[in-house]
Amino acid sequence: MNLPVLAGTLSTVLFALGMLPMLVKAARTRDLASYSLGNLVLSNVANAVHSIYVFNLPAGPIWALHLAYVLASALMLAWWWRYRETGREADGGTAAGRTTDRTEGSAVRINLSQKGAQ
């Protein structure tokens, strides 16, 4: 195996491993509220268009890397659609995504009336 193919293989493995924590957390928590629908859709469209280019290249690490990106972005979009209400309701919010106690959209909920006291 020559150096460029070895480097491509190693980087593919590293990039794929780098996506795993995001996918595992999204699957475990079902909270994808921080992901933008526009970004997820655009990523999937870009991957579809980019597939025309990638799959006309000789088979190699780039195919594996592109497939990892295609699968990850497709999973995230599917999960976003499936769990878009689940994550909000689990946090005590309403179906529209608004909470009844007027909290900010951060990992730690702080009531706006208590914000200055923190």
Side-chain angles (χ1 to χ4, degrees):
M1 186 180 294
N2 61 22
L3 184 60
V5 174
L6 181 62
T9 302
L10 180 60
S11 67
T12 294
V13 169
L14 293 173
F15 279 120
L17 287 174
M19 288 185 285
L20 283 179
M22 171 189 68
L23 294 170
V24 168
K25 182 178 179 183
R28 185 176 44 82
T29 65
R30 298 181 177 185
D31 181 12
L32 282 83
S34 64
Y35 290 91
S36 160
L37 175 61
N39 177 266
L40 293 172
V41 168
L42 194 56
S43 294
N44 279 277
V45 170
N47 278 329
V49 173
H50 196 62
S51 293
I52 297 167
Y53 169 72
V54 170
F55 296 127
N56 279 296
L57 295 172
I62 191 68
W63 280 35
L65 179 60
H66 185 64
L67 283 173
Y69 282 131
V70 167
L71 291 173
S73 63
L75 266 175
M76 291 298 287
L77 180 61
W79 288 341
W80 190 94
W81 279 108
R82 184 172 181 191
Y83 302 129
R84 65 185 182 275
E85 300 299 330
T86 304
R88 293 177 184 150
E89 291 172 1
D91 288 339
T94 64
R98 289 180 225 105
T99 57
T100 55
D101 62 349
R102 291 192 54 186
T103 58
E104 295 179 355
S106 64
V108 177
R109 301 278 184 189
I110 300 172
N111 290 333
L112 292 178
S113 60
Q114 298 174 349
K115 188 176 178 179
Q118 297 292 323

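The first residue of the sequence shown is numbered 1, and numbering continues consecutively from there.
When side chains are defined from C-beta on, Tyr83 does not count as touching Thr29, because their heavy atoms never get closer than 4.5 Å. With a 4.5 Å cut-off on side-chain heavy atoms, Phe55 and Leu67 count as touching.
Annotation: the span from Asn47 atom CG to Ser51 atom OG amounts to 6.5 Å, rounded to 0.5 Å. Here Trp80 contributes atom CH2 and Ser73 contributes atom OG; the two are 15.0 Å apart, rounded to the nearest 0.5 Å. In this structure, the separation between CG on Leu32 and CE on Met22 is 9.0 Å, given to the nearest 0.5 Å.
Taking hydrophobic clusters as Ile, Leu, Val, Met, Phe, Trp and Tyr residues chained together by side-chain heavy-atom distances below 4.5 Å, Tyr69 does not share a cluster with Leu71. In the hydrophobic cluster analysis, where Ile, Leu, Val, Met, Phe, Trp and Tyr join through side-chain heavy atoms closer than 4.5 angstrom, Leu40 is grouped together with Val45.
Among residues two or more places apart in sequence or in another chain, the ring-ring contact (aromatic ring centres under 6.0 Å, His included) test is passed with Tyr35 by none.
The minimum heavy-atom distance between Thr9 and Pro61, with the atom names listed, is OG1-CG, 3.5 Å. Closest non-hydrogen pair, Gly8 versus Thr12, comes out as O-OG1, 2.8 Å. Between Leu65 and Phe15, the shortest heavy-atom contact is CD1-CB, 3.6 Å.
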Please test Leu37 against Leu77 for side chain to side chain contact (heavy atoms under 4.5 Å, CB included), starting from the C-alpha separation and ending with a verdict.
CA-CA 8 Å; Leu37 175 61; Leu77 180 61; 3.8 Å; yes

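With Trp79 contributing its side chain and Arg30 its backbone, the two residues share no donor-acceptor pair below 3.5 Å.
Here His50 and Tyr53 bring their ring centres to under 6.0 angstrom of each other.
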